[in-house]
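One structure is given here, and the rest of the page talks about it.
Side chains included, hydrogens not; waters and symmetry mates left out as well; all remaining heavy atoms used. Starting from 1, each residue takes its place in the sequence as its number.
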Amino acid sequence: MAETKEEYFRKLIDAETSKQVKIISEMEARLDEKAIKLQKELFELIKDKYLDNLATDEAGNLIYNHPNLVKVSQVTNIFNQFKEKSFNPAILEFGKDLLSIVDLEGDYFKAIDANISIEKTFKLISQQIGIDLKTGALIEDSYLYRLAEGSQVKDDIANLVLQNVSAKSSFRDLKNSLQTLVEGDETTNGAMQQYLRTYAYDTFSNVQRAVDLNIADTYQFNSFIYSGDIIKDTREFCAERINGIFTRDDLAEWSTMDWKGKNWDVPVEISLGGYNCRHTLMWIP
């Protein structure tokens with residue numbers, strides 16, 4: 001019996017989904033590994049260039065005075081050194097991983113139609129995430145540029161120092177608290193891991209869906225298969241749709257629905273089930 005169109009697409013989608021999940025999981029693992037290295041480097045810089053400049057009394061307690069309060073603001077200088085030397089390059093590598101998703105998704109569409117081009121999509125996504133294709137630099141005020149500011153990490157460090165100076169805490173306590181904040185411990189992720197998991201991890205899936213949507217818009221695909229696995233934490237919204245065939249009309253209906261975990265700030269065709277959703281729309285002609 002000849003293979004039907006649906007059988008062909010489902011077989012193709014199974015193969016492509018497995019490949020995509022593997023590659024994007026590897027990207028996430030690289031980002032997490034880099035975050036661990038970055039936070040260790042950041043703490044060493046703070047320890048060597050900053051902590052020893054804080055004044056203490058004979059008992060080893062921090063002194064609550066104007067010079068120490070002024071030094072609290074100098075955390076920004078330390079973080080900027082770290083940003084220029086290590087964090088910016090790491091964000092650029094993250095951005096290149098995001099851009100490589102265009103090629104990854106393009107493989108699927110080209111398997112459907114060899115005449116499909118991803119050049120315009122590549123340029124669009126590079127602008128959206130913030131990489132100048134000519135210079136390879138971050139585009140000012142773009143997503144990656146703002147991510148590299150690391151303002152939350154910088155503020156958390158400054159606030160912890162200010163609290164300890166104000167309380168005249170021991171220098172040792174401040175050092176230990178800073179190390180736990182920046183590097184984490186057995187039960188808590190460090191500052192860079194938390195920051196990147198909050199503001200970067202979902203980007204892999206969101207960019208993947210944005211790439212797919214742009215190509216589908218360009219070539220006027222109207223239908224898709226809601227693809228992915230069901231795991232313990234899968235939302236009911238996703239579980240009810242896995243492996244189903246839907247159209248753009250369904251997307252319009254979903255955009256008005258409410259469910260636990262839905263991300264109202266991002267269009268449903270990009271966020272799907274919501275925060276940390278790993279499902280994809282595999283568009284079909």
Any residue meeting ring pair (Phe, Tyr, Trp, His ring centres under 6.0 Å) with F246, in chain and number order, not counting sequence neighbours: W254
Report yes if the side chains of N263 and D202 come closer than 4.5 Å at any heavy-atom pair, otherwise no. no
Return the minimal non-hydrogen interatomic distance between D185 and T180, and the atom names on each side. OD2-CG2, 3.5 Å
Taking NZ in K11 as the centre, count heavy atoms belonging to other residues, nucleotides or ligands within less than 6.0 Å. Is the count above 12? no
Return each pair, listed once, that meets ring-ring contact (aromatic ring centres under 6.0 Å, His included) where at least one residue sits in residues 90-112; pairs must be two or more places apart or across chains. F94-F204, F109-F221
Hey, is the main chain of G274 close enough, under 3.5 Å, to the side chain of S271 for a donor-acceptor pair? no
How close do G228 and H279 get, counting heavy atoms only, and between which atoms? CA-CD2, 3.6 Å
Shortest non-hydrogen contact from T234 to I231? OG1-N, 2.7 Å
Applying side-chain contact (heavy atoms from CB on, under 4.5 Å) to I245 and E6, what does each step give before you reach the verdict? CA-CA 10 Å; I245 299 177; E6 181 175 337; 4.0 Å; yes
Check N88 against A148 and note the closest heavy-atom contact, atom names and distance. OD1-CB, 3.3 Å
When you compare the side chain of K123 with that of Q127, does any pair of heavy atoms fall below 4.5 Å? no
Can you list the residues that meet the ring pair (Phe, Tyr, Trp, His ring centres under 6.0 Å) rule with Y199, with sequence neighbours excluded? Y195
Does anything in residues 216-230 pair up under side chain to side chain donor-acceptor pair (under 3.5 Å), and if so which pairs, sequence neighbours excluded? T17-S227, D217-R248
Could you check whether any side-chain N or O of T280 sits under 3.5 Å from a backbone N or O of M282, counting only pairs where one atom can act as donor and the other as acceptor? no
The side-chain contact (heavy atoms from CB on, under 4.5 Å) partner of I101 among D212, I125, V207 is V207
Roughly how far, to the nearest 0.5 Å, is CE of M27 from NZ of K22? 11.0 Å
Can you tell if the side chain of I36 reaches within under 4.5 Å of the side chain of Q193, non-hydrogen atoms only? yes
Heavy-atom closest pair (A137 atom, L92 atom, distance to 0.1 Å) is C-CD2, 4.3 Å
Hey, any chance L62 and L69 share a hydrophobic cluster, counting ILVMFWY side chains that come within less than 4.5 Å of each other, even indirectly? yes
Would the number of heavy atoms belonging to other residues, nucleotides or ligands and lying under 6.0 Å from NZ of K154 be above 12? yes
For N214, what residues pass the side-chain hydrogen bond (donor to acceptor under 3.5 Å, both in side chains) criterion, not counting sequence neighbours? T121
Counting C-beta onward and ignoring hydrogens, is there a side-chain heavy-atom pair between D107 and K19 closer than 4.5 Å? yes
Check whether V266 and I129 end up in the same hydrophobic cluster, where Ile, Leu, Val, Met, Phe, Trp and Tyr are linked by side-chain heavy atoms less than 4.5 Å apart. yes
Give, for atom OG of S126 and atom CD1 of I131, the distance between the pair rounded to the nearest 0.5 Å. 7.5 Å
Count I, L, V, M, F, W, Y as connected when their side-chain heavy atoms are under 4.5 Å apart, and connections chain through other members. Are L272 and Y275 then in the same cluster? no
Can you run down the side chain to side chain donor-acceptor pair (under 3.5 Å) pairs that involve residues 138-148, sequence neighbours left out, and say none if there aren't any? Y143-T203
Would the distance check show the side chain of E183 and the main-chain N or O of G190 forming a donor-acceptor pair, the cut-off being under 3.5 Å? no
Among side-chain atoms of Q20 and E105, is any donor-acceptor pair under 3.5 angstrom? yes
Would R197 and Y201 count as a cation-pi pair here, with the cationic atom under 6.0 angstrom from the ring centre and within 45° of the axis? yes
Thinking salt bridges, do D250 and R241 make one under a 4.0 Å N-O criterion? no
Under 3.5 Å, side chain of T198 to main-chain N/O of Q194, donor-acceptor pair present? yes
Rounded to the nearest 0.5 Å, what's the gap from CD1 on I91 to CG on L144? Could you check? 7.0 Å
Quick one: does W259's side chain have a donor or acceptor within less than 3.5 Å of a partner on E236's backbone? no
Donor-acceptor contacts, no H, no angles, side chain residues 155-166, under 3.5 Å, sequence neighbours left out:
| residue | atom | partner | partner atom | Å |
| --- | --- | --- | --- | --- |
| N159 | ND2 | D155 | O | 3.1 |
| N164 | OD1 | S169 | OG | 3.4 |
| N164 | ND2 | L160 | O | 2.8 |
| S166 | OG | L162 | O | 2.8 |

Give, for atom CG of L104 and atom CD1 of I23, the distance between the pair rounded to the nearest 0.5 Å. 4.5 Å
Min side-chain heavy-atom separation N61-F171 under 4.5 Å: no
Could you go through T247 and F224, starting from their C-alpha distance and side-chain angles, then the distance that decides it, and tell me whether this counts as side-chain contact (heavy atoms from CB on, under 4.5 Å)? CA-CA 6 Å; T247 69; F224 57 84; 5.7 Å; no
With a 4.5 Å limit on heavy-atom distance, are the side chains of C277 and R209 in contact? yes
What pairs of donor and acceptor atoms, side-chain ones from residues 44-54 against any protein atom, are under 3.5 angstrom apart with sequence neighbours left out?
| residue | atom | partner | partner atom | Å |
| --- | --- | --- | --- | --- |
| E44 | OE1 | K47 | NZ | 3.2 |
| E44 | OE2 | K47 | NZ | 3.4 |
| Y50 | OH | K71 | O | 2.7 |
| N53 | ND2 | K49 | O | 3.1 |

Is the closest side-chain heavy-atom distance between K37 and M192 below 4.5 Å? no
Could you state the interatomic distance from CG (L251) to CD1 (I270), rounded to the nearest 0.5 Å? 9.5 Å
Please table the atom pairs, donor to acceptor, closer than 3.5 Å between any side-chain atom in residues 111-118 and protein atoms at least two apart or in another chain.
| residue | atom | partner | partner atom | Å |
| --- | --- | --- | --- | --- |
| D113 | OD1 | N115 | N | 2.9 |
| S117 | OG | E119 | N | 3.4 |

Which heavy-atom pair separates K262 from S255 by the least distance, and what is that distance? NZ-O, 3.0 Å
What residues form a salt bridge (Lys or Arg N to Asp or Glu O under 4.0 Å) with D97, not counting sequence neighbours? R30
Honestly curious: do V268 and M257 fall in one hydrophobic cluster under the side-chain, below-4.5 Å linking rule? yes
If you count every heavy atom of other residues, nucleotides or ligands that lies below 6.0 Å from Y8 atom OH, does the total exceed 12? yes
Once rounded to the nearest 0.5 Å, what's the spacing between atom CG of L213 and atom CG of N206? 12.0 Å
Can you name the side-chain hydrogen bond (donor to acceptor under 3.5 Å, both in side chains) partners of T256, sequence neighbours left out? none
I'd like to check L178 versus F43 (side-chain heavy atoms, cut-off strictly below 4.5 Å). Are they in contact? yes
Partners passing salt bridge (Lys or Arg N to Asp or Glu O under 4.0 Å) against K110 (at least two apart in sequence or in another chain): none
